[in-house]
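For reference, the structure discussed in these notes is given below.
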Number of protein chains: 2
Amino acid sequence: MNDDLVFKALGDPTRRKLLDLLCENNGQTLGQLCENLAMTRQSATQHLDLLVAANLVSAVKRGREKLHYINPVPLYDIYARWVRKFETQRLGLLHDLKTILEGDA
Amino acid sequence: MNDDLVFKALGDPTRRKLLDLLCENNGQTLGQLCENLAMTRQSATQHLDLLVAANLVSAVKRGREKLHYINPVPLYDIYARWVRKFETQRLGLLHDLKTILEGDA
DNA sequence: CATTTATGCAGGTATTTACCTGCATGTCAA
DNA sequence: TTGACATGCAGGTAAATACCTGCATAAATG
């Protein structure tokens with residue numbers, strides 16, 4: 001997994017919306033996804049390409065259509081390798097913050 | 001919390017490195033953080049400003065120094081409101097993927 | 001007070017990004 | 001085969017981004 005591709009992909013509201021749309025209804029075509037976005041099909045394609053590059057979405061051709069499926073694994077990896085790292089120190093970090101903000105340091 | 005600010009902040013490797021540095025040693029000054037970055041102090045400041053705007057870091061002035069502290073809460077929120085959403089559907093989504101990639105659909 | 005040190009602020013530039021238009025390709029169905 | 005439909009591909013532009021240099025300010029130190 002490429003951390004940077006995943007974070008970059010998640011760093012845009014349109015792409016997060018695409019993931020939301022696929023979460024509601026997995027396996028949608030490009031056309032279906034575009035109906036819920038205020039942009040051209042070509043722009044949406046570029047966003048989807050980034051999601052595919054980050055391995056957050058897999059695309060499969062079926063006839064003249066292209067179906068899109070979420071891959072939840074990179075999201076879990078982000079959590080496991082990144083969020084949890086801070087999570088384990090959460091109480092300590094929060095204590096630091098509270099202390100310094102109260103001017104006790 | 002502003003989802004977009006947090007995701008945007010995390011979408012840059014320099015800013016993730018800043019969080020890592022603070023995770024190793026919380027409460028560092030701007031100067032200390034810069035020693036571990038291959039860029040000018042001014043550039044690092046801009047990155048830190050984004051982290052502060054996203055509420056991922058809190059900065060406190062102490063004399064002529066400025067101390068930086070991690071705030072782990074937005075990261076946890078990202079997990080709670082976003083990663084977990086897909087997590088609950090993970091097995092189903094993975095099944096979709098496997099099925100379609102095997103050409104059974 | 002003068003000097004050093006830590007940071008703030010005001011710009012300027014090159015790259016990346018997010019969008020677009022226009023045209024080409026491939027598939028289905030009459 | 002022909003027309004309609006779904007997508008691919010090749011650019012072009014405006015805005016955002018990530019850097020930088022140069023100078024200003026404020027605090028500690030002699």
Side-chain angles (χ1 to χ4, degrees), chain A residues 2-22 25-54 56-70 100-101 103 105, chain B residues 2-22 25-54 56-70 100-101 103 105:
Chain A
N2 185 326
D3 269 10
D4 200 46
L5 287 179
V6 177
F7 277 114
K8 282 256 166 58
L10 292 173
D12 179 276
T14 299
R15 292 191 285 273
R16 291 196 301 277
K17 180 163 187 179
L18 281 167
L19 289 180
D20 276 334
L21 289 170
L22 289 177
N25 194 355
N26 208 11
Q28 293 185 66
T29 67
L30 172 59
Q32 288 175 311
L33 291 169
C34 283
E35 289 171 12
N36 293 286
L37 298 177
M39 62 180 59
T40 63
R41 172 182 56 80
Q42 287 87 339
S43 298
T45 299
Q46 291 181 332
H47 285 297
L48 282 167
D49 285 346
L50 289 189
L51 289 170
V52 169
L56 283 161
V57 164
S58 291
V60 186
K61 295 207 77 169
R62 187 185 63 185
R64 65 181 164 182
E65 293 180 325
K66 194 173 180 184
L67 308 180
H68 297 83
Y69 293 87
I70 290 189
I100 201 73
L101 292 178
Chain B
N2 186 326
D3 268 11
D4 200 47
L5 286 179
V6 177
F7 277 114
K8 281 258 166 59
L10 293 172
D12 180 275
T14 299
R15 291 191 286 271
R16 291 198 299 280
K17 179 163 189 182
L18 281 167
L19 289 180
D20 277 335
L21 290 170
L22 288 178
N25 194 355
N26 208 12
Q28 293 185 68
T29 67
L30 172 59
Q32 288 175 311
L33 291 168
C34 283
E35 289 171 12
N36 294 286
L37 298 178
M39 63 181 59
T40 62
R41 173 182 56 81
Q42 287 86 340
S43 298
T45 300
Q46 293 180 332
H47 285 296
L48 283 167
D49 286 345
L50 289 188
L51 289 171
V52 170
L56 283 160
V57 165
S58 291
V60 185
K61 295 208 78 170
R62 187 186 62 186
R64 64 180 166 183
E65 294 180 325
K66 194 173 179 184
L67 308 179
H68 298 83
Y69 293 88
I70 290 189
I100 200 75
L101 291 178

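Quick caveat: nothing in here was measured; it's all calculated off a predicted structure. Letters go in sequence order (proteins before strands), and every chain restarts at 1. Note that these values count all heavy atoms, side chains included, but never hydrogens, waters or copies made by symmetry.
The nucleotide range of DNA chain D contacted by chain B, defined by atoms under 4.0 angstrom from heavy atoms of the protein and reported 5' to 3', is dT17(D) to dA28(D).
In terms of the side-chain contact (heavy atoms from CB on, under 4.5 Å) criterion, residue partners of Arg41(B) (sequence neighbours excluded) are, by chain and number, Leu30(B), Cys34(B), Thr45(B). For Gln42(A), the side-chain contact (heavy atoms from CB on, under 4.5 Å) test picks out Thr40(A), with sequence neighbours left out. Considering only residues two or more places apart in sequence or on other chains, Ser58(A) meets the side chain to side chain donor-acceptor pair (under 3.5 Å) condition with none of them. Considering only residues two or more places apart in sequence or on other chains, Gln46(B) meets the side-chain contact (heavy atoms from CB on, under 4.5 Å) condition with none of them.
Contacts between residues 27-40 of chain B and DNA chain D, counted as heavy-atom distances below 4.0 Å, involve Met39(B), Thr40(B). Non-hydrogen atoms lying under 4.0 Å from DNA chain D are contributed by Gln42(B), Ser43(B), Gln46(B), His47(B), all within residues 41-50 of chain B.
Counting all heavy atoms, side chain and backbone alike, Leu22(B) lies closest to Ile70(B) at CB-CG1, 3.4 Å. Shown here for Gly27(A) and Leu67(A), the closest heavy-atom pair between the two residues is O-CD2, 3.6 Å.
At dG8(C), one or more side-chain N or O atoms of Lys66(B) fall inside 4.0 Å of OP1 or OP2 (strictly under the cut-off).
Side-chain contact check for Leu48(A) versus Leu33(A): some heavy-atom pair is nearer than 4.5 Å.
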Under 3.5 Å, which donor-acceptor pairs do the side chains of residues 10-17 of chain B form with other protein atoms, sequence neighbours left out?
from	atom 1	to	atom 2	distance (Å)
Asp12(B)	OD1	Thr14(B)	N	2.8
Asp12(B)	OD1	Arg15(B)	N	3.2
Arg15(B)	NE	Ala9(B)	O	2.9
Arg15(B)	NH1	His47(B)	ND1	3.0
Arg15(B)	NH2	Lys8(B)	O	3.2
Arg16(B)	NH1	Leu10(B)	O	2.6
Arg16(B)	NH2	Asp4(A)	OD1	2.8
Lys17(B)	NZ	Asn36(B)	O	3.1

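A side-chain donor-acceptor contact under 3.5 Å links His68(B) to the backbone of Gln28(B).
The 5' end of DNA chain C is approached more closely, in terms of each residue's nearest nucleotide, by Arg15(A) than by the other of Arg15(A) and Glu65(A).
If you take OG1 on Thr29(A) and CZ on Arg62(A), they are separated by 9.0 Å, rounding to the nearest 0.5 Å.
Taking atom CG on Asp4(A) and atom C1' on dT16(C), their separation rounds to 13 Å, with Å as the unit.
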